Structures are given as C-alpha cells and as structure tokens.
Undergrad: 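Before we start, here is the structure in question, set down as structure tokens.
Given the structure is predicted, the values throughout are model-derived calculations rather than measurements. The analysis underlying the following values was restricted to heavy atoms, covering all of them including side chains, and did not include hydrogens, waters or symmetry mates.
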Amino acid sequence: MIAYIIRRLLGMIPMLFAITVFVFLMMHLAPGNAIEAMINPRIKDIAALKQQLEIQNGLNLPLPLQYWHWLINVLHGNFGWSFGQHEEVTQLLGPAMYNTLILAVLSEILILLIGIPVGILQARSPYGKFDYTVSTASFVLFSVPYYVFAVFLIYLFAIHWHVFPAQNSVGTGPLAGTFVDHIWHAMLPAISIALTNNTVYSRYTRGSMLDVARQDYVRTARAKGIPERVVYSKHVFRNARIPIVTQLGFDLGGLLGGAVIIEGLFSYQGMGYLTITAVSQRDYPVIMATTLIFAVCVLLGNLVADILTAVVDPRVRYN
C-alpha cells in the first residue's frame with residue numbers, strides 16, 4: 001500500500017505541471033492583461049505607466065520565462081504578489097482555505113446524515129410509497145442546479161424568516177469571529193450543496209444495498225434466523241458501503257477545492273470566491289495559486305477514495 005501511495009503521489013507531478021501550464025497559457029491568451037485592470041484608463045501617459053508596471057511585475061518577459069519564474073517561486077513556497085488585492089498571495093490563501101474547509105466539512109456532514117439514512121430506508125422497503133416518493137424528489141433535486149436552490153434558500157431563510165445571514169462569511173480565517181459564527185454563516189451554502197448531493201448518496205446507498213441483499217450469504221443469514229435489523233446493518237450495509245466511500249473521497253476533493261458558484265452566489269469568502277475575484281481582476285498570481293490548490297485537492301481526493309476502497313473492501317489490494 002505504501003509503495004502504491006508513493007507511486008500515485010509521484011504520478012501527480014506531471015499532471016499538476018500540465019494543468020498549470022494549460023491555465024497559464026489560457027490566462028495570457030485571453031484579451032487584456034492584469035495591468036489594464038489595475039490602472040485607471042483616464043490617466044495621462046498611460047502607455048508609459050503600463051510599460052513600467054509590466055517591467056516591474058515581469059509581464060514583459062516571454063511566456064516560457066514567466067512560467068519558469070513562477071514555478072521556481074512556488075517550489076520555494078512563494079506564490080507571488082496579488083495584483084488586485086496588493087498583498088502576498090499566501091496571506092490570502094490561508095484564511096480563504098479555512099472558510100472553504102468549514103464549508104466542505106459541514107456540507108459533507110449534512111450529506112452523510114441525510115443521504116445515507118434515506119437510502120437505507122429506501123432499501124429496507126423498496127418499490128413502496130416511501131421509495132417512490134423519495135426517488136421522485138431525488139430526480140427533481142438532482143435535475144435542478146444547486147444555485148437555484150441557493151436563491152430559494154436565501155429568500156426563505158434569510159429574507160423571509162431571518163434565520164441565517166443571506167450573504168458573506170463572518171470574515172476570513174480563524175481569528176475573524178468564533179467557530180460558531182463561521183458555522184452559522186456557512187450553513188446556507190452548505191445546505192445548498194447538500195440538497196443536490198444528498199440525492200447521489202441516497203441513490204448509491206439504495207442501489208448498492210439492493211444488489212447486496214440478493215446475495216446468497218444474505219439469504220443464508222436470514223435462514224439462520226438472524227433479525228432483519230442485524231442482517232441489514234451487519235451483512236448488507238457493511239458490504240454495500242464501497243461505492244459510498246468512493247464517492248466520499250471524490251466529493252471531499254472537489255469541495256475542498258472550492259464550491260465556486262455557491263461561494264460566489266453567497267459572497268462566501270472561501271477559495272471559490274477568491275478565484276472569482278481574481279478572474280475579474282485578471283490577478284494572475286492568485287488564479288495560478290488557486291488552480292494549483294484545486295488540482296491538488298481533486299487528485300488527493302481521488303487517492304483517498306482509492307485508499308478508502310481498499311480499507312472497506314478486503315478484496316482490493318494495491319500491490
């Protein structure tokens with residue numbers, strides 16, 4: 001297993017290199033640049049000022065040389081200076097990642113507490129009224145984009161009932177308010193994410209448990225007189241959790257990367273919101289840093305999913 005993990009980690013290096021090169025080229029091939037977004041177009045002698053800022057920030061160099069300088073700095077832990085927010089990128093990443101971590105964990109807790117129990121109840125009474133009702137609701141929830149639910153939740157819980165704040169986080173970083181304040185502000189975005197993902201987990205749980213329930217060892221357990229509750233908890237769900245665990249690893253990687261649309265809609269100051277702000281300001285250093293973190297989170301999520309699969313399924317071994 002250790003050798004497999006090392007091979008996977010080494011295999012991430014060329015993938016991260018390819019991703020960053022692609023994003024770097026796309027940013028610089030797009031019309032305009034960061035300098036044009038920084039300066040006031042009404043300034044006199046704007047051409048001379050633009051040239052001076054390009055030289056100061058190294059944007060006058062050839063693209064391969066610019067990427068090489070960025071890569072060397074990243075390997076030394078330096079993500080550069082933000083053009084739009086005028087501070088070190090590392091000072092922006094830490095607090096934003098803290099907020100996104102809270103949102104990701106809270107979303108996943110809501111998903112696991114709702115989606116899996118609902119799927120188990122469906123599998124216990126398949127093709128009944130409850131099963132058909134939940135399945136219909138799941139298809140509706142899954143087909144509607146989660147940002148639509150986000151708007152509905154803002155109106156219902158923030159504007160109409162005044163239960164949760166409509167937008168913004170309490171601040172960035174662990175020092176911007178208590179932990180409860182962070183949870184309170186992350187609740188509506190987390191519910192918006194969980195509404196759609198709950199359907200995925202409930203369908204996975206239901207389908208996997210129905211497949212396992214047809215196996216011979218389950219019929220043997222019932223023939224021995226084992227209570228139905230024990231059959232489902234010890235024999236059925238225990239062997240049906242493999243696809244659920246796999247999906248959990250994928251979801252954690254994606255959520256830690258940042259729920260860009262949800263964070264932008266709620267103005268929640270996490271990695272997604274930071275990325276949207278950087279794109280609007282053509283802030284190259286921040287875009288490159290957030291892209292790299294997104295890619296690392298997704299790749300590590302895939303690795304965690306494979307490891308968890310081997311943990312819950314003794315038939316899977318990575319030699």
Undergrad: Are Leu308 and Tyr4 grouped together when hydrophobic residues (ILVMFWY) are joined by side-chain heavy atoms under 4.5 angstrom apart?
TA: no

Undergrad: Given the rule in the side chain to side chain contact (heavy atoms under 4.5 Å, CB included) test, do Val200 and Tyr204 qualify, once you have shown the distances and angles that lead to the verdict?
TA: CA-CA 6 Å; Val200 176; Tyr204 273 144; 3.5 Å; yes

Undergrad: Backbone N or O of Phe157 within a donor-acceptor pair of the His160 side chain at under 3.5 Å?
TA: no

Undergrad: I'd like to know if the side chain of His235 reaches the main chain of Val231, judged simply by a donor and an acceptor atom lying under 3.5 Å from each other, with no hydrogens or angles considered.
TA: no

Undergrad: Will you find, in the side chains of Asn57 and Tyr284, an N or O donor that is under 3.5 Å from an N or O acceptor?
TA: no

Undergrad: As an exercise, state the distance from OG of Ser192 to CG of Asn197, rounded to the nearest 0.5 Å.
TA: 11.0 Å

Undergrad: Taking everything shown except Gln215 itself, do over 12 heavy atoms lie less than 6.0 Å from its CD?
TA: yes

Undergrad: With heavy-atom distances below 4.5 Å as the criterion, would you say the side chains of Leu53 and Phe83 are in contact?
TA: no

Undergrad: Which pair of non-hydrogen atoms, one from Ala295 and one from Ile19, has the smallest distance, and what is that distance?
TA: CB-CD1, 3.8 Å

Undergrad: Indicate yes or no: at least one non-hydrogen side-chain atom of Phe266 is less than 4.5 angstrom from one of Ile154.
TA: yes

Undergrad: Check this for me: Phe250, atom CZ, are more than 12 non-hydrogen atoms of other residues, nucleotides or ligands nearer than 6.0 Å?
TA: yes

Undergrad: Quick check on Phe164: does its CZ atom have over 12 non-hydrogen neighbours (other residues, nucleotides or ligands) under 6.0 Å away?
TA: yes

Undergrad: Quick check against the 3.5 Å criterion: does Ser138 have a side-chain atom that pairs as donor or acceptor with the backbone of Thr199?
TA: no

Undergrad: Got Val260 and Met271 here, is their nearest side-chain heavy-atom distance under 4.5 Å?
TA: no

Undergrad: Quick one: pull up CD1 in Ile262 and OH in Tyr268 and give me the separation to the nearest 0.5 Å.
TA: 12.5 Å

Undergrad: Ile114: which residues meet the side chain to side chain contact (heavy atoms under 4.5 Å, CB included) condition with it, sequence neighbours left out?
TA: Val118, Asn198

Undergrad: Pairs in or reaching into residues 86-95: which pass salt bridge (Lys or Arg N to Asp or Glu O under 4.0 Å), with residues at least two apart or in two chains?
TA: none

Undergrad: Between OG1 of Thr246 and CG of Asn302, what distance do you get to the nearest 0.5 Å?
TA: 10.5 Å

Undergrad: Evaluate side chain to side chain contact (heavy atoms under 4.5 Å, CB included) for Leu93 paired with Met97, printing each intermediate quantity in order.
TA: CA-CA 6 Å; Leu93 293 177; Met97 194 64 187; 5.7 Å; no

Undergrad: Going through the distances and angles, do Val89 and Trp81 end up as a side chain to side chain contact (heavy atoms under 4.5 Å, CB included)?
TA: CA-CA 6 Å; Val89 177; Trp81 185 267; 5.9 Å; no

Undergrad: Nearest 0.5 angstrom please: Gln85 CD to Gln91 CD, how far?
TA: 12.0 Å

Undergrad: What distance do Arg8 atom CZ and Leu300 atom CG have between them, rounded to the nearest 0.5 Å?
TA: 9.5 Å

Undergrad: Is the backbone N or O of Ser82 less than 3.5 Å from a side-chain atom of Asp283, with the two atoms forming a donor-acceptor pair by type?
TA: no

Undergrad: Check whether Leu110 and Leu156 end up in the same hydrophobic cluster, where Ile, Leu, Val, Met, Phe, Trp and Tyr are linked by side-chain heavy atoms less than 4.5 Å apart.
TA: yes

Undergrad: If every non-hydrogen atom of Ile276 is compared with every non-hydrogen atom of Gly264, which pair is closest and at what distance?
TA: CD1-CA, 3.6 Å

Undergrad: Listed by chain and number, what are the side chain to side chain contact (heavy atoms under 4.5 Å, CB included) partners of Thr20, not counting sequence neighbours?
TA: Tyr67, Trp70, Met288, Leu292

Undergrad: Mind listing the closest non-hydrogen atom pair of Gly272 and Glu263 along with its distance?
TA: N-OE1, 2.5 Å

Undergrad: So which pairs with a foot in residues 104-124 pass side-chain hydrogen bond (donor to acceptor under 3.5 Å, both in side chains), sequence neighbours left out?
TA: Glu108-Tyr201, Gln122-Asp131, Gln122-Ser135

Undergrad: Is it the case that atom OH in Tyr217 sees more than 12 heavy atoms from other parts of the structure closer than 6.0 Å?
TA: yes

Undergrad: Are Val23 and Leu16 connected in a single hydrophobic cluster, I mean Ile/Leu/Val/Met/Phe/Trp/Tyr linked by side-chain heavy atoms less than 4.5 Å apart?
TA: yes

Undergrad: Let me confirm one number: the CG-CD1 distance from Leu103 to Ile193, rounded to the nearest 0.5 Å.
TA: 4.5 Å

Undergrad: Kindly check if the number of other-residue, nucleotide or ligand heavy atoms within 6.0 Å of CE (Met26) is above 12?
TA: yes

Undergrad: Does Phe24 have more than 12 heavy atoms from other residues, nucleotides or ligands lying within 6.0 Å of its CZ?
TA: yes

Undergrad: Around Phe22, counting heavy atoms of other residues, nucleotides and ligands shown, do more than 12 lie under 6.0 Å from its CZ?
TA: no

Undergrad: Please check if Ile293 and Val74 belong to a single hydrophobic cluster, counting links between Ile, Leu, Val, Met, Phe, Trp and Tyr side chain heavy atoms closer than 4.5 Å.
TA: yes

Undergrad: Please name all residues satisfying side chain to side chain contact (heavy atoms under 4.5 Å, CB included) with Lys224, sequence neighbours left out, ordered by chain then number.
TA: Thr220, Ile226

Undergrad: Could you tell me which non-hydrogen atom of Gly270 sits nearest to which non-hydrogen atom of Thr100, and how far apart they are?
TA: CA-OG1, 3.3 Å

Undergrad: Answer yes or no: is there a donor N or O on one side and an acceptor on the other, between the side chain of Arg219 and the main chain of Arg214, under 3.5 Å?
TA: yes

Undergrad: Write down the atom of Val286, the atom of Leu92, and the distance for their closest heavy-atom approach.
TA: CG2-CD1, 4.1 Å

Undergrad: Check whether more than 12 heavy atoms from other residues, nucleotides or ligands sit under 6.0 Å from atom OH of Tyr147, and answer yes or no.
TA: no

Undergrad: Take Tyr232 and Met209, measure what side chain to side chain contact (heavy atoms under 4.5 Å, CB included) needs, and give me the verdict at the end.
TA: CA-CA 8 Å; Tyr232 271 92; Met209 288 187 67; 3.5 Å; yes

Undergrad: Between Ser208 and Thr205, is there a donor-acceptor pair closer than 3.5 Å when you use the side chain of the first and the backbone of the second?
TA: no

Undergrad: So does Leu61 get a backbone contact from the side chain of Gln66, meaning a donor-acceptor N/O pair under 3.5 Å?
TA: yes

Undergrad: If Ile, Leu, Val, Met, Phe, Trp and Tyr residues are connected whenever their side-chain heavy atoms lie under 4.5 Å apart, and connections chain through other members, are Tyr98 and Val180 in the same group?
TA: no

Undergrad: Excluding sequence neighbours, so at least two apart, what forms ring-ring contact (aromatic ring centres under 6.0 Å, His included) with Trp68?
TA: none

Undergrad: Indicate yes or no: at least one non-hydrogen side-chain atom of Leu303 is less than 4.5 angstrom from one of Leu9.
TA: yes

